[in-house]
Number of protein chains: 2
Amino acid sequence: MKKAPTIKEIARMLNLSISTVSRALHNSEDISPATTKRVKEVADELGYEPNQTALFLKSGKTLTLGVILPHLSEAFFSEAISGIEDFASEHNYNVLMGQSHDDTEREKKIVEAMKNHRVDGILVSIAKNTKDFTHFDNLKKYDIPVVFFDRVPDRKEANTVTCKMEAAMQEAVEFLVKNGHTRIAFINGPKDLLATRERLRGYENALKSLHVAMNNQFVVHSDLSPDATYRAMQHLLTLKPGPSAVIAFNDYVALDAMQYARKMNIKINKDISFVSFANLPVWSYMENPPLASVEQFPYRQGQRATEMILDILNAPRTAKQHEKFNKIILEPRLFIHT
Amino acid sequence: MKKAPTIKEIARMLNLSISTVSRALHNSEDISPATTKRVKEVADELGYEPNQTALFLKSGKTLTLGVILPHLSEAFFSEAISGIEDFASEHNYNVLMGQSHDDTEREKKIVEAMKNHRVDGILVSIAKNTKDFTHFDNLKKYDIPVVFFDRVPDRKEANTVTCKMEAAMQEAVEFLVKNGHTRIAFINGPKDLLATRERLRGYENALKSLHVAMNNQFVVHSDLSPDATYRAMQHLLTLKPGPSAVIAFNDYVALDAMQYARKMNIKINKDISFVSFANLPVWSYMENPPLASVEQFPYRQGQRATEMILDILNAPRTAKQHEKFNKIILEPRLFIHT
DNA sequence: CTGTTAGCGCCTTCAT
DNA sequence: ATGAAGGCGCTAACAG
C-alpha cells in the first residue's frame with residue numbers, strides 16, 4: 001500500500017518479463033491480445049502509473065517549465081502565471097514556480113535550483129536590479145532555453161516577449177493632450193529597467209511630435225515602493241505651476257500616487273488626472289480609477305512566452321545551434337475607464 | 001556544449017572511477033585531498049551540477065510540492081502561493097503549480113499529472129464544486145500526503161489548515177450591532193463549501209447571542225460570479241425595510257455588491273454598510289472600502305500548510321501509517337478600515 | 001584511498 | 001510472442 005506499483009511487480013504477479021509488461025502497456029503490436037489484457041487489468045487494479053522520474057532520467061526531458069517572477073502575488077504577474085499554466089498544461093507541461101522578490105541573488109538561486117531540477121526551459125521576468133545575466137547565460141551549457149517576458153534584458157541575445165511600450169506611451173500622452181493637458185508629469189520606474197527607458201522615449205517623442213514643451217522637472221522616478229512614489233508625488237506637488245496630469249509607471253505607482261494626492265486634498269481626475277500602465281482588474285471597481293490605463297495583457301504575454309519556449313523546445317537541434325533569438329512584440333492598448 | 005556534464009565525463013577526464021568522483025564531490029573522508037581538489041576543479045570548469053532527475057529516481061523523492069488552486073490570479077490565492085513558495089524554497093523544496101479553474105475535472109487531471117510527476121506532497125484549495133475526494137484519496141497508494149487549506153473538504157479524514165470562520169463571523173456581526181445595525185443581511189457563498197456553512201452558523205449564533213431577530217430573507221447566496229452577486233444584492237434591495245448592513249462572503253462578492261449598490265445610487269457605508277471576508281490589499285487604496293474585513297492571512301495559511309506537509313514528509317513512517325490527521329485552525333482577525 | 005558492482009523504473013535493441 | 005540485457009546518472013555497499 002505504501003509504495004507506488006511498478007511494472008516489475010506486475011511482471012512478477014503474472015510471471016511475465018518486465019519488457020513484456022512494458023510493451024503491453026504501450027499497446028505494442030507484438031504482444032498477444034490476451035496478455036495485453038491481463039497486464040492492463042492488473043495495472044488498473046494496482047492503480048499503476050508510470051514513474052515519470054524514471055522517464056525523465058531516460059529521456060533527459062522533464063516536461064517541466066520553470067517560471068521566475070519578482071512577486072507571485074502581484075496581480076500583473078499572477079495573471080501572467082495563469083496564462084502560462086493554462087498554455088503549458090494544455091501541452092502536457094508542468095510549471096515550476098519561483099519568486100525572486102526582486103532580488104538578484106534569489107533569482108540566481110532559483111535558476112540554480114531549476115537547473116538542477118532539469119526543467120526543459122525557463123520563463124522569466126527579471127528582478128528590477130538584475131543587470132548581469134551570466135546566471136541565465138550559463139543555462140546554455142545545459143541546453144535550457146530561456147524566454148524573457150515583460151521585464152526583459154536590454155540586449156539582442158535574448159528571446160523576449162514584450163509590449164511595444166513606446167507606442168503605448170505615445171497614445172497615453174496624446175490622449176491627455178487631446179483632453180487639454182499640457183503640463184503632463186511622469187513618474188517613471190527604476191532606471192535599470194528597459195521599460196523605464198522605453199516609456200521615457202515614448203514620452204519625449206510624443207511631446208515633441210505634439211509640439212508640447214517638455215519640462216524636465218515633470219519627470220521623476222520611483223523604485224516602485226510606496227515611499228518612493230510618495231516622494232515623487234510630493235516633489236511634483238511643489239512645482240508651480242504643477243502638473244495637471246500624471247502618468248504613472250504602473251498601476252501600483254498610480255495607486256500610491258493617487259493615495260498621496262488624496263491625502264493632500266487633491267481631487268483625482270479633477271485637479272490632477274491620472275493615467276497608468278497595466279490595467280489592474282480592480283480598476284473597474286474603484287470609484288475614481290485613472291482616466292485611462294495602458295493594458296499590457298499579462299495573460300497573453302504569459303501565453304505567448306510559453307508558446308515561444310515550446311516552439312524552441314520542439315524545434316530541430318540545428319535551429320537551436322544557430323542561436324537565433326526570437327522576439328515577440330505585442331501591441332498594448334490604451335484602455336479608457338468610463 | 002549541448003549536453004549537461006556528468007560525473008562520468010569527469011571520471012574519464014581524470015582517469016578515475018565514477019564513484020571516486022562522486023565521493024570527492026561529496027567531500028567524503030576517504031578521498032585524498034589531492035584528488036578531491038582535482039575533481040572539484042574539473043567539475044567547476046565544466047559547470048557540473050548533479051542531475052536531480054537521477055537522484056529523484058534513486059531516492060524516490062523529488063523535493064517538489066504540488067499546489068492546486070482554483071485561480072492563480074486571485075489575490076487571496078496568489079498571496080497563499082507566495083507564502084508556500086517562500087517556505088518551501090527555504091527548505092529546498094520546489095513548487096509545482098496547477099489551477100483547477102474551479103472545475104473538478106481539471107482538478108482531477110492536475111492530481112494525475114502531479115502523481116505521475118511524483119511530487120512528494122500536495123497542497124490544495126479545492127474547486128468549489130468538488131464533493132467527491134477519491135482522486136485525492138488515491139494518492140495514498142503512492143504515499144503522497146495531501147494538505148488542504150482554506151477551501152477544505154468537510155470531513156475528518158483530511159489534513160487541513162483553515163481559519164476559524166465561525167468566530168470571525170461572530171466578531172463581524174458584533175461589530176455591526178455595536179455600530180447600531182440590526183438589519184444585517186448576508187450574501188453567502190456556494191452551498192457546497194464548508195466555508196459557507198460555517199459562516200452561516202456564525203451568523204446565526206451571533207444574532208442569537210446578541211438577541212437580534214433573524215430574518216431569513218436577509219440571507220442570500222452567490223456562486224461568487226458577479227451576476228449572481230448582483231442578483232443577490234438586487235433581491236436584498238427589494239426588501240422593506242431593507243438591510244442597513246451587508247456582510248459579504250468574500251472581498252470579490254463585496255466588490256460586486258458594492259458596485260451594484262453604487263449603481264443604484266446607494267451611498268456605501270452611509271445608506272448601507274459593508275463588511276467582507278479576506279481583506280484584499282487594494283482596500284487600503286479605495287476611497288470607500290468596506291467598514292471592516294475579516295483578515296484570513298492567506299500568506300500565513302500557505303506557510304502553515306507547507307510547514308504541515310513538510311512535517312508529515314519528515315515524520316517517521318510509522319506516524320504516517322497511523323493515519324492521524326492534522327488540523328491547524330488559525331485565528332482570523334476583524335480588520336477595521338479607518 | 002580507490003575501484004567494482006548493483007540497482008532505482010523504464011525503454012529498447014537484440015535474441016529466442 | 002516473449003525474455004534477457006544494457007543503459008540513463010547517481011549512490012552505496014562491498015572489495016581490494
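Quick caveat: nothing in here was measured; it's all calculated off a predicted structure. Hydrogens, waters and symmetry mates are skipped; everything else that's a heavy atom, side chains included, is used. To find a chain, count down the sequence lines: A is the first, B the second, and so on, and within it residues start at 1.
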Note, B:I144 side chain near B:M114 side chain (heavy atom, < 4.5 Å): no
Ion pair A:E112/A:K109, N-O distance below 4.0 Å: no
Partners meeting salt bridge (charged side-chain N to carboxylate O under 4.0 Å, His left out) with A:E307 (sequence neighbours left out): A:R304
Over all heavy atoms of both residues, which pair between B:A24 and B:T36 is shortest? Give the atoms and the distance, please. O-CG2, 3.7 Å
Could you check whether any side-chain heavy atom of A:V21 comes within less than 4.5 Å of a side-chain heavy atom of A:R12, counting everything from C-beta outward? no
Set of salt bridge (charged side-chain N to carboxylate O under 4.0 Å, His left out) partners for A:D154, sequence neighbours left out: A:R197
Covered region of DNA chain C, 5' end to 3' end, by chain A [heavy atoms, under 4.0 Å]: C:dC8 to C:dC14
Partners of A:R38 by side chain to side chain donor-acceptor pair (under 3.5 Å), sequence neighbours excluded? none
Just checking A:T53: base, sugar-phosphate only, or nothing, at a heavy-atom cut-off of under 4.0 Å? nothing
Once salt bridge (charged side-chain N to carboxylate O under 4.0 Å, His left out) is applied, do any residues pair with A:K128, and if so which ones, sequence neighbours excluded? none
Using a 3.5 Å cut-off and no angle test, enumerate the donor-acceptor pairs between side-chain atoms of residues 48-55 of chain A and protein atoms at least two apart in sequence or in another chain.
unit_1, atom_1, unit_2, atom_2, d
A:N51, OD1, A:T53, N, 2.8
A:N51, OD1, A:T53, OG1, 2.6
A:N51, ND2, A:T53, OG1, 3.4

Given that B:K58 and B:S17 both sit by DNA chain C, which one's nearest nucleotide is further toward the 5' end? B:S17
Round to a whole Å and report the spacing from CG of B:L46 to C1' of D:dG9. 15 Å
Tell me the ring pair (Phe, Tyr, Trp, His ring centres under 6.0 Å) pairs involving residues 79-129 of chain A, sequence neighbours left out? A:H71-A:H101, A:F87-A:H91, A:H117-B:F56
Between A:L72 and B:F77, is there a side-chain heavy-atom distance shorter than 4.5 Å? no
Would you indicate whether the side-chain heavy atoms of B:L123 and B:V161 approach each other to under 4.5 Å? no
Mapping B:E29 and B:S59 to their closest nucleotides on DNA chain C, which lands nearer the 5' end? B:E29
B:E9 CD to D:dC8 P: how many Å, rounded? 11 Å
For B:E45, salt bridge (charged side-chain N to carboxylate O under 4.0 Å, His left out) partners two or more places apart: none
Tell me: CG of A:N15 to P of D:dG3, nearest whole Å? 9 Å
Once you round it to whole Å, what is the distance between C1' of D:dA1 and CG of A:N27? 16 Å
Roughly, in whole Å, what's the span from CZ in B:R12 to P in D:dG9? 11 Å
Per the end-axis method with five pairs at each terminus, what is the bend angle of the helix from C:dC1-D:dG16 to C:dT16-D:dA1, to 10°? 60°
Would you please name every residue forming a side chain to side chain donor-acceptor pair (under 3.5 Å) with B:T62, sequence neighbours left out? B:D120
D:dT11 P sits how many Å from B:F56 CZ, rounded? 13 Å
With a non-hydrogen cut-off below 4.0 angstrom, is B:L16 in contact with a base, only sugar-phosphate, or nothing? sugar-phosphate
Rounded to whole angstroms, how far apart are CG on B:N51 and C1' on D:dG7? 14 Å
d(CD1, A:I7; P, D:dT2) in whole Å: 16 Å
Counting only heavy atoms and a strict 4.0 angstrom limit, can you tell me which residues of residues 19-26 of chain A come near DNA chain C? A:S19, A:S22, A:R23, A:H26
So if I take residues 109-121 of chain A and measure heavy-atom distances to DNA chain D, which residues fall below 4.0 Å? none
For A:T35, report the nucleic acid contact type (base, sugar-phosphate, nothing); a contact means any heavy atom under 4.0 Å. sugar-phosphate
